[in-house]
Q: 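The structure's right below; bear with me while I get my questions together.
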Amino acid sequence: MMSPVNQQALETLYRMLRFRSYIPSIPYGEVLIFCIASAPLVLAHRSKGLHDAIGDILSLLFTPRIPGADQLLKRLSVVQPKGWKLAATKIALVSVWSFTIGYVFQAVIGSLSSWSKLMRQPRKIKNYLINAYNLKFAMFLATFAGGYKAMNSILHALPVSRNVRILLAAAVAGLSMGTIRSTTIALYALTKAIDVMYCDAAKRGLVWHWYYGDVILYSIATALIFDCMFFESHNLRPAYIDFLDRLTGKRIREINYRRIDAFGTQASRWWTAERTDRD
C-alpha cells in the first residue's frame, strides 16, 4: 500500500520534474489528474467498498446525515418515485452536507494547527474560522459530491452500464478540483487510485505481487525525500520541510546550503539569508 512517505515522494518527484521542465506545464493539470483519479476510486467504493480513509471520506460525503432528511426523501419517493424532485432533493442534501463537513473540518484543522498562537492571541480565532480557504475547501467537497450525484442521475437516462455510469460521473465530478487547485490533493488521490487498481489486479492474478515491495518503495521514497531536502529544498512541500526540521531538532536549518549550491541544484533557493549566511 502507498504510505504517506511514498505519497510525499511522488509529489516531490513531480515537483522536481516540473522544475527541470521535463513535464510540460499543463493548464489546470491538477484538475485533470483529479478527474482521472476520482473515477477508479468512486467505482471501487461503489462496487465493493474501500476499507480505508478514502472509503470513509466518500461514505461520509455521499451519505448526508441531516436531521429530517430521511423522512423528506421517503415522502418524495412515495409521491414521485422516479421524478426530478426526488433527484434534485438528493443532490441538494448531499451538496449542503458536504459543504458543511468541508467548512467545519478545515476550520477545526486550521485552528488546531495554530493552537499555540491562539492561546497567546485568542482574538485571532476569527481569522481561522472565517477565511477564503475554508470556503474554497467546502465548495470543493460540495461540488464533488453534488456533481457526482447530478451526473449519475443524468446518466441513468442513457443506455450505459452501471460501471461506465459511475466512472463517467466520478470523472466529471473531479472538475470540482478547479475550485481549490491543490496539487497535493490531486496527487494523493492519484496514488490511492493506483494503489486500489494494483491491489485489485494482484488479487485477480493479473500482476505480480512482491511481499517486500512496500519496503523497497519506502526505502526509495525516503532516499528521494532526503536527497531533495538537502540539494533542492524548493521542490519539497514547505510544510514537510518544517516537519523534518522539527523532527531533527531544528538542525536542518543549521546547514550552510549556500555551499551546496556548488553542485548546481540551487540548494539555498528556499532558505532565507538568515538561515544560510553561515561559514
Side-chain angles (χ1 to χ4, degrees), residues 1-37 53-54 109-110 112-114 116-117 133 136-137 177 180-198 208 210-279:
M1 293 180 64
M2 283 281 188
S3 68
V5 174
N6 295 340
Q7 294 160 5
Q8 178 61 44
L10 180 61
E11 179 183 347
T12 302
L13 179 61
Y14 174 78
R15 291 172 182 266
M16 293 170 68
L17 294 175
R18 281 283 302 275
F19 179 74
R20 290 167 171 77
S21 299
Y22 292 152
I23 296 179
S25 180
I26 303 175
Y28 295 93
E30 63 278 355
V31 179
L32 177 61
I33 292 174
F34 191 71
C35 288
I36 295 172
I54 287 291
I109 291 298
L112 292 178
S113 63
S114 304
S116 58
K117 294 180 180 179
Y133 187 78
K136 288 182 179 179
F137 188 77
M177 176 56 64
I180 194 172
R181 303 286 303 276
S182 172
T183 302
T184 300
I185 296 177
L187 289 177
Y188 173 76
L190 181 62
T191 57
K192 295 300 293 184
I194 294 173
D195 189 22
V196 167
M197 290 187 292
Y198 172 78
W208 179 48
W210 189 20
Y211 183 77
Y212 295 102
D214 290 351
V215 179
I216 300 300
L217 280 177
Y218 186 86
S219 301
I220 296 174
T222 303
L224 177 65
I225 289 175
F226 275 91
D227 177 81
C228 188
M229 174 73 248
F230 294 115
F231 287 96
E232 41 190 307
S233 303
H234 51 275
N235 287 324
L236 199 62
R237 195 196 313 174
Y240 207 77
I241 295 177
D242 294 337
F243 166 73
L244 293 176
D245 193 32
R246 293 194 303 270
L247 191 65
T248 58
K250 295 187 177 182
R251 289 185 175 87
I252 285 181
R253 67 178 63 193
E254 300 299 323
I255 298 173
N256 189 343
Y257 288 93
R258 285 184 176 174
R259 291 194 172 184
I260 305 178
D261 282 343
F263 294 97
T265 60
Q266 303 183 33
S268 65
R269 177 174 176 170
W270 187 83
W271 302 92
T272 61
E274 180 181 356
R275 290 180 177 179
T276 57
D277 192 14
R278 302 176 188 274
D279 290 325

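For the numbers below, each heavy atom of this structure counts, side chains included, while hydrogens, waters and symmetry mates do not.
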Q: If you take all heavy atoms of Ala186 and Met177, which pair is closest and at what distance?
A: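 Nearest heavy atoms, Ala186 then Met177: N-CE, 4.1 Å.
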
Q: Nearest 0.5 Å, please: how far is CD1 in Ile255 from OG1 in Thr248?
A: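 Thr248 OG1 to Ile255 CD1: 8.0 Å, rounded to 0.5 Å.
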
Q: Where is the tightest heavy-atom contact between Ala37 and Ala193, given as atom of each residue plus distance?
A: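 For Ala37 versus Ala193, the nearest heavy atoms are O-CB, 3.7 Å.
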
Q: Side-chain contact, heavy-atom cut-off 4.5 Å: Tyr240 with Thr12?
A: no

Q: Quick one: side-chain contact (heavy atoms from CB on, under 4.5 Å) partners of Val196, sequence neighbours excluded?
A: Leu41, Ala44, Leu50

Q: Find the distance between CD1 (Ile33) and CD1 (Ile26) and round it off to the nearest 0.5 Å.
A: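 Here the rounded value is 7.5 Å.
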
Q: Just jot down the ring pair (Phe, Tyr, Trp, His ring centres under 6.0 Å) partners of Phe19, sequence neighbours excluded, or say none.
A: His234

Q: More than 12 heavy atoms of other residues, nucleotides or ligands under 6.0 Å from CZ of Phe226: yes or no?
A: no

Q: For the side chain of Asn235 and the backbone of Cys228, is there at least one donor-acceptor N/O pair under 3.5 Å apart?
A: no

Q: Is there a side-chain contact between Ile241 and Met229, using heavy atoms and a 4.5 Å cut-off?
A: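 A side-chain contact under 4.5 Å exists here.
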
Q: Could you tell me whether the side chain of Arg259 and the main chain of Asn256 form a donor-acceptor pair under 3.5 Å?
A: no

Q: Any non-hydrogen side-chain atom of Ile252 less than 4.5 Å from a side-chain atom of Tyr257?
A: yes

Q: Roughly how far apart are Tyr188 OH and Ile54 CD1, rounded to 0.5 Å?
A: 4.0 Å

Q: Give me the atom names and distance for the closest heavy-atom approach of Tyr198 to Trp208.
A: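 For Tyr198 and Trp208, the tightest heavy-atom pair comes out as OH-O, 2.8 Å.
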
Q: Would you compute the distance between atom CG of Asp195 and atom CG of Leu190 and round it to the nearest 0.5 angstrom?
A: 11.0 Å

Q: Show the nearest heavy-atom pair for residues Ala9 and Ala221, with the distance to one decimal.
A: CB-CB, 3.4 Å

Q: Please list, chain by chain and in numerical order, all residues satisfying side-chain contact (heavy atoms from CB on, under 4.5 Å) with Arg246, sequence neighbours excluded.
A: Asp242, Phe243

Q: Got a sec, which residues hit side-chain contact (heavy atoms from CB on, under 4.5 Å) with Ser219, two or more places apart in sequence or on another chain?
A: Val215

Q: Does any non-hydrogen side-chain atom of Leu236 lie less than 4.5 Å from one of Phe230?
A: no

Q: Within the 4.5 Å heavy-atom criterion, are Tyr133 and Ile180 side-chain neighbours or not?
A: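 In contact.
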
Q: Checking Ile23 now: which residues fulfil side-chain contact (heavy atoms from CB on, under 4.5 Å) with it, not counting sequence neighbours?
A: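 Checked Ile23 against side-chain contact (heavy atoms from CB on, under 4.5 Å); matches are Tyr14, Leu17, Arg18.
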
Q: Would you say Thr191 and Asn6 make side-chain contact, with heavy atoms under 4.5 Å?
A: no

Q: If you round to the nearest 0.5 Å, how far is CD of Gln8 from CG of Leu244?
A: 8.5 Å

Q: Mind checking what makes salt bridge (Lys or Arg N to Asp or Glu O under 4.0 Å) contact with Glu232, not counting sequence neighbours?
A: Arg20

